[in-house]
Asker: 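Dropping the structure in here first, questions after.
A note on names: the letters A, B, ... follow the listed sequences, proteins ahead of strands, and every chain is numbered from 1.
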Number of protein chains: 2
Amino acid sequence: MKDVAEIAGVSVSTVSRVISGKFAVEEGTASRVRSAILQLDYRPNLLAWGLRSRSGKFIGLVIPGIHEPFATMIGLLEEYVTRGGYSLLFGNTESGPEKENIFIDDLISRHVDGIVFSGVSEKSLALPKLAGTDIPIVLFDRVFNARENVVTVALNNEAAGRLAARYLVGLGHRRVATITGPPDLNLCKDRLHGFKDEVSRLGAALDERDIEVGDFSFDAGLKASQALFARKSAVTAVWAQNDLMAIGLMRGLASLGKRVPRDVSIVGADDIPFARMTVPSLSTVRQPFEAMCRQAVSSLLGYDDLSRSANRHFAFDPELVRRESAQSP
Amino acid sequence: MKDVAEIAGVSVSTVSRVISGKFAVEEGTASRVRSAILQLDYRPNLLAWGLRSRSGKFIGLVIPGIHEPFATMIGLLEEYVTRGGYSLLFGNTESGPEKENIFIDDLISRHVDGIVFSGVSEKSLALPKLAGTDIPIVLFDRVFNARENVVTVALNNEAAGRLAARYLVGLGHRRVATITGPPDLNLCKDRLHGFKDEVSRLGAALDERDIEVGDFSFDAGLKASQALFARKSAVTAVWAQNDLMAIGLMRGLASLGKRVPRDVSIVGADDIPFARMTVPSLSTVRQPFEAMCRQAVSSLLGYDDLSRSANRHFAFDPELVRRESAQSP
DNA sequence: TTTCCGCATGATATCGTTGTCACATAAAAA
DNA sequence: TTTTTATGTGACAACGATATCATGCGGAAA
């Protein structure tokens, strides 16, 4: 910057003013400065800028894995974040809470301007630690401990359960099963509650023994296929709380010689890119990731002014995507 | 830091020395400093540190998409990078060269310590721009213009083509087809050349009309299924240059009523997580992503001392993964 | 003419670190 | 005892930006 000033024959102050554009500079000097910048191929030092302004100009993303649907979320968040002139710093906390801990410390040290947080479990040390700072945070997808003052962005999980139930029972299934995610996650409880309640409200049956507890993984779906269908079963339809388990279930049923959807109807949740690629393609309860990510970023960057009175908890409605994996029994 | 110094009754210099640990400090003062740090919950400011040391302590990742196999790569790179005490800044350049351009500028402005570069196309402005800086760069996966002085990490693509050919012809297929990626990518040419050459060397046939040009997407595979099999065809096996197209092909064949692998054998490339999840599961030519990512990071962070004489171009050998989608005709 | 205001610009302090230099003290060598 | 050496510590400059304050200058109002 000093060099630029020298070449243009002005002071660094003036160079700074030309760059920021927020103050009046005579056109003659301004153009001299601009050509000096071009000549030297000058690029501002964001480290120095950040030090001065106490803002690193990035958004941190804490995420419990890189598999779908998180990959999709990462891509979307990156897009919105960079569009706002920020950069995305992301950390995968799958490997454990220590990793989460050092990542959060790093984010604080780097003076991130906001954090999108999707924790592995509810017992995270991150929140109390962050409370001591002025870093805005959005609890994303996996919401817990929703204190009033923290913004949350998530699916309306109970509605998702109800939607799946209405679809399957509506198709004519009388005896259904389900595979849940990790039971310590609120979202799983909510989805299960919605599903269970709607199934019984509509007069169909969900036996307690037909509720399989999974962990959102392909292998959990595989295992569930054994647990549910290795023996003769009256179940004709299954809702898996995410697509990965649904796909595992389909894969397991194929090995058992059951046909989907002829013998068993399957519905997933998320609508990951692969849902349309499987054979048969997967009917699923879609999460509106685009809208959710946009909301998360604009909450952090302060695009929507959530005045004190405004709602800080955003619950997005799921949407049913009909494909091939479910039909009438 | 000043506060810490005050509480501990020492100067900031001493605090700095205690933190860095690289200079002798009397144990008494050191422990006083440490307890002051704990008491204030002091965290160093990485922006200031970076400004002083001209190093932002991160690695930039330029990648042409967030879908597989890039998601896997991102996860792996993040792991190795953070393990080395750095952070990962990543940018998706799928949306075009302007995005790539501003991302590269951002990386320079942030004083990244290295860049893992996987460009969309060969005509990228990034390399010349980066040449003016002292930022180390590794060309990853998509290698081009491999000047001697730049490190490259990639699959041995010709070997991948040969491996696929040997497998399919070895199974007994006499007439094969293939789907390539974007033809302007060197890696596609190399894969095609290896495949073509090995097929004819082994005495089987790859007709020019049975070479479909794709773009690595699911839909390209879908389209290829029409182009290759909508009419009667003597082709009994197809190699797709990546798994996504192979899965699209399988999906398309299912719609055409062809069975895989009974009617057509299919082999992919990459071995993305979903390759084992499809029905039938996908046989594929595996890229050793773990080793490749580890190599990329350690080259950048200078863990392996590539002395001037040492090889700067790393080509990793592919590995055949036998699953269900290919069999003898 | 004097006074005052607005405008473009420069000098300088500051952000939170680390590195360089100087200095005091104590121990070792003369 | 005097000189040297080693050791721990503090003061201060620097990294590259921005923000605050001061200043010179031209024109409008008195």
Asker: Can you name the residues that form a side-chain contact (heavy atoms from CB on, under 4.5 Å) with A/P44, not counting sequence neighbours?
Answerer: A/Y42, B/S109
Asker: Taking any atom closer than 4.0 angstrom to a non-hydrogen atom of chain B, what span of DNA chain D does the protein reach, first nucleotide to last?
Answerer: D/dG8 to D/dG16
Asker: Looking only at heavy atoms, which two atoms of A/F58 and A/R110 are closest? And how far apart?
Answerer: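 Nearest heavy atoms, A/F58 then A/R110: CE1-O, 3.4 Å.
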Asker: According to side chain to side chain donor-acceptor pair (under 3.5 Å), who are the partners of B/S55, at least two apart in sequence or on a separate chain?
Answerer: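 Applying side chain to side chain donor-acceptor pair (under 3.5 Å) to B/S55 gives B/D113.
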Asker: Partners of A/E68 by salt bridge (charged side-chain N to carboxylate O under 4.0 Å, His left out), sequence neighbours excluded?
Answerer: none
Asker: Would you write the dot-bracket representation of DNA chain D, where each base gets (, ), [, ], | or . depending on whether it forms a Watson-Crick or G-U pair under 3.5 Å and with which partner?
Answerer: ...|||||||||||||||||||||||||||
Asker: Could you work out, with salt bridge (charged side-chain N to carboxylate O under 4.0 Å, His left out) as the rule, every residue matching B/E290, not counting sequence neighbours?
Answerer: B/R286
Asker: Can you list everything that forms a salt bridge (charged side-chain N to carboxylate O under 4.0 Å, His left out) with A/K99? Sequence neighbours excluded, please.
Answerer: B/E78
Asker: List for me each residue that meets salt bridge (charged side-chain N to carboxylate O under 4.0 Å, His left out) alongside A/D134, sequence neighbours excluded, and say none if there are none.
Answerer: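 Per chain and number, A/D134 pairs via salt bridge (charged side-chain N to carboxylate O under 4.0 Å, His left out) with no residue.
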Asker: Could you pull out all residues at least two apart from B/F70 that satisfy side-chain contact (heavy atoms from CB on, under 4.5 Å)?
Answerer: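 Counting only residues at least two positions away or on another chain, B/F70 forms a side-chain contact (heavy atoms from CB on, under 4.5 Å) with B/I63, B/P64, B/H67, B/M73, B/S118, B/D141, B/R142.
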Asker: In the 5'-to-3' direction, what one-character label does each nucleotide of nucleotides 6-17 of chain C receive under the scheme B = base within less than 4.0 Å of a protein heavy atom, S = sugar-phosphate only, - = no such atom?
Answerer: --SBBBBBBBBB
Asker: I'd like to check the side-chain contact (heavy atoms from CB on, under 4.5 Å) partners of B/S16; sequence neighbours left out, ordered by chain and number.
Answerer: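 So B/S16 forms a side-chain contact (heavy atoms from CB on, under 4.5 Å) with B/M1.
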Asker: Checking A/E27 now: which residues fulfil side-chain contact (heavy atoms from CB on, under 4.5 Å) with it, not counting sequence neighbours?
Answerer: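 For A/E27, the residues satisfying side-chain contact (heavy atoms from CB on, under 4.5 Å) (neighbours in sequence not counted) are A/A30, A/S31, A/R34.
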